[in-house]
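Below: one structure, written as structure tokens.
The shown structure was predicted, so the numbers you read here are calculated from the model rather than taken from an experiment. Below, all heavy atoms of this structure are taken into account, side chains as well, without hydrogens, waters or symmetry copies.
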Amino acid sequence: MLLLAGSLRAAAVPGFARAVAVFSFAVVLSSQPARCVLQRRPPLSNSSGNCWSRFHPVNMFNSYHVKFYHSKALTSPYPGSHVERSQVPEDKVGWQIEWKDYNPVEYTAMSVLAGPNWADPQINDKGFSPKFNERDGEVERKSLNGLYVVENGRPRNPVGRTGLAGRGLLGRWGPNHAADPVVTRWKRDGSGNKVAHPVTGKNILQFVAIKRRDCGEWAIPGGMVDPGEKISATLKREFEEEALNSLQKSPEEKAELEKQLHKLFSQEHFVVYRGYVDDPRNTDNAWMETEAVNYHDETGETMDNLPLEAGDDAGVVKWVDISEKLKLYASHSYFIKLVSEKRGAHWSEDPGPECRE
């Protein structure tokens, strides 16, 4: 049985049918290859990415005119396991392509099945009746990309087949919401002057990066949104825990951190991206979505008073120069690229062809 959760609302969403059709544009979320998993698709070219993001900022992937491509969500083995995904040819990723013999591997990690407070029960468990495509008590089951299909009681990944059913390492059926704070400053020399790139002449932007403990890749210090938590609170909390090791601080030290960070996180900020993330943990029935927000310390004075210290899921934390050479976790390289464009900072030594409207 195939049904569309919230079908009564679907009629009121113009263009919803186009959300599950074939679109004219094709873009790739992951512009850099992963270290922990094998890349399956070619990256987005530097020039086309520049043009596209300039004309379609912030919610560029939320448009129903855009087709996502899985890259890291098709990789094997599945993170933290020896489980191999069923092979999905590129021409059969989309659900609109009929594939009667599709038989994905079923896998949900034991850490999820153990029933921690951040995870849902199994779909058939007694008393579990999730309300998909809407807010379900304190759990947000709405997708940032619009309505998604529910088939046989399970949400269906809006981007397409991944070769793996179940939830893998993800706690929620359907969208799993995260927040990624991109904290930036200008690179400066010993005299406090901004450092420009010798080729492009553009100032070099730096961001706070962590090295993930689980796979060793560099990433933005983000994390999952707790039930009932506002995105703004998640962004600040995750930065404190992963980049400043706030969980190991004394109450007095935490209070000082809060005072210093309030200035940075309360100022004007830039929403880099909201929507689906091409993540190696994604499955046919559970997937990552995020809101990435840029908090920029223009003078550098605020962050100078906050010594970076790795904590929680981070193994190492440091300031990293932004350029196209970065290789980051999931779709983080793309988020960083959008920030550099917004700030007019250096990204690539190859400007590429000029964009034309």
Side-chain angles (χ1 to χ4, degrees), residues 27-33 43-61 179-211 217-222 235 239 243 261 263-274 277 290-306 308 317-355 357:
V27 292
V28 180
L29 275 172
S30 302
S31 62
Q32 299 288 349
L44 182 69
S45 70
N46 181 61
S47 58
S48 63
N50 281 335
C51 296
W52 176 258
S53 60
R54 189 170 302 144
F55 297 143
H56 303 267
V58 182
N59 292 326
M60 57 176 291
F61 292 114
D180 293 309
V182 186
V183 176
T184 56
R185 71 179 184 186
W186 296 109
K187 185 175 185 178
R188 298 178 184 273
D189 60 22
S191 301
N193 300 312
K194 294 179 182 177
V195 176
H197 191 273
V199 175
T200 64
K202 292 183 177 181
N203 293 328
I204 297 175
L205 198 63
Q206 298 180 315
F207 82 106
V208 176
I210 64 164
K211 191 171 186 180
E217 288 190 87
W218 287 94
I220 298 166
L235 289 161
F239 186 77
L261 283 178
K263 179 180 179 181
L264 179 66
F265 279 79
S266 62
Q267 69 181 19
E268 182 180 352
H269 51 268
F270 162 49
V271 179
V272 181
Y273 174 83
R274 298 177 74 248
V277 177
T290 196
E291 180 165 326
V293 180
N294 177 216
Y295 297 93
H296 181 63
D297 185 7
E298 179 64 28
T299 65
E301 294 176 357
T302 299
M303 292 307 300
D304 282 348
N305 295 323
L306 290 171
L308 299 180
V317 59
K318 68 177 183 179
W319 288 100
V320 173
D321 292 356
I322 291 177
S323 80
E324 66 174 345
K325 298 177 182 179
L326 287 175
K327 294 180 175 65
L328 303 177
Y329 180 78
S331 302
H332 293 189
S333 292
Y334 191 80
F335 303 162
I336 294 299
K337 179 179 182 178
L338 293 181
V339 171
S340 70
E341 291 181 6
K342 174 69 174 181
R343 300 293 175 189
H346 167 74
W347 173 256
S348 172
E349 294 181 18
D350 179 12
E354 292 185 4
C355 298
E357 296 190 38

As an exercise, state the distance from [atom1] of [X] to [atom2] of [Y], rounded to the nearest 0.5 Å.
X: K337; Y: S348; atom1: NZ; atom2: OG; result: 8.0 Å
X: H197; Y: S323; atom1: NE2; atom2: OG; result: 7.0 Å
X: E301; Y: M303; atom1: CD; atom2: CE; result: 13.0 Å
X: I220; Y: I336; atom1: CD1; atom2: CD1; result: 4.5 Å

### ring-ring contact (aromatic ring centres under 6.0 Å, His included) evaluation trace for H332 with W218
CA-CA 9 Å; H332 293 189; W218 287 94; over 10 Å; no
List for me each residue that meets side-chain hydrogen bond (donor to acceptor under 3.5 Å, both in side chains) alongside [X], sequence neighbours excluded, and say none if there are none.
X: E291; answer: R274
X: T200; answer: H346
X: N294; answer: T184, R343

Is a side-chain N or O of [X] found less than 3.5 angstrom from the main chain of [Y], in a donor-acceptor match?
X: S333; Y: L328; value: yes
X: Q267; Y: H296; value: yes
X: S191; Y: N193; value: no

- Message: Checking K194 now: which residues fulfil salt bridge (charged side-chain N to carboxylate O under 4.0 Å, His left out) with it, not counting sequence neighbours?
- Response: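 Salt bridge (charged side-chain N to carboxylate O under 4.0 Å, His left out) list for K194, sorted by chain: E298.
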[X] side chain near [Y] side chain, heavy-atom distance below 4.5 Å:
X: V195; Y: W186; value: no
X: L308; Y: W319; value: yes
X: V182; Y: V293; value: no

On a heavy-atom basis, which atom in L264 and which in Y295 lie closest, and how many Å separate them?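 Reported closest heavy-atom pair: O-CD2, 3.8 Å.
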Please table the atom pairs, donor to acceptor, closer than 3.5 Å between any side-chain atom in residues 201-210 and protein atoms at least two apart or in another chain.
residue, atom, partner, partner atom, Å
Q206, OE1, R185, NE, 2.9
Q206, OE1, R185, NH2, 3.3
Q206, NE2, D321, OD1, 2.9

Parallel under 30°, tilted from 30 to 60°, perpendicular over 60°: which one fits the rings of F239 and F265?
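Rings of F239 and F265: tilted, 30 to 60°.
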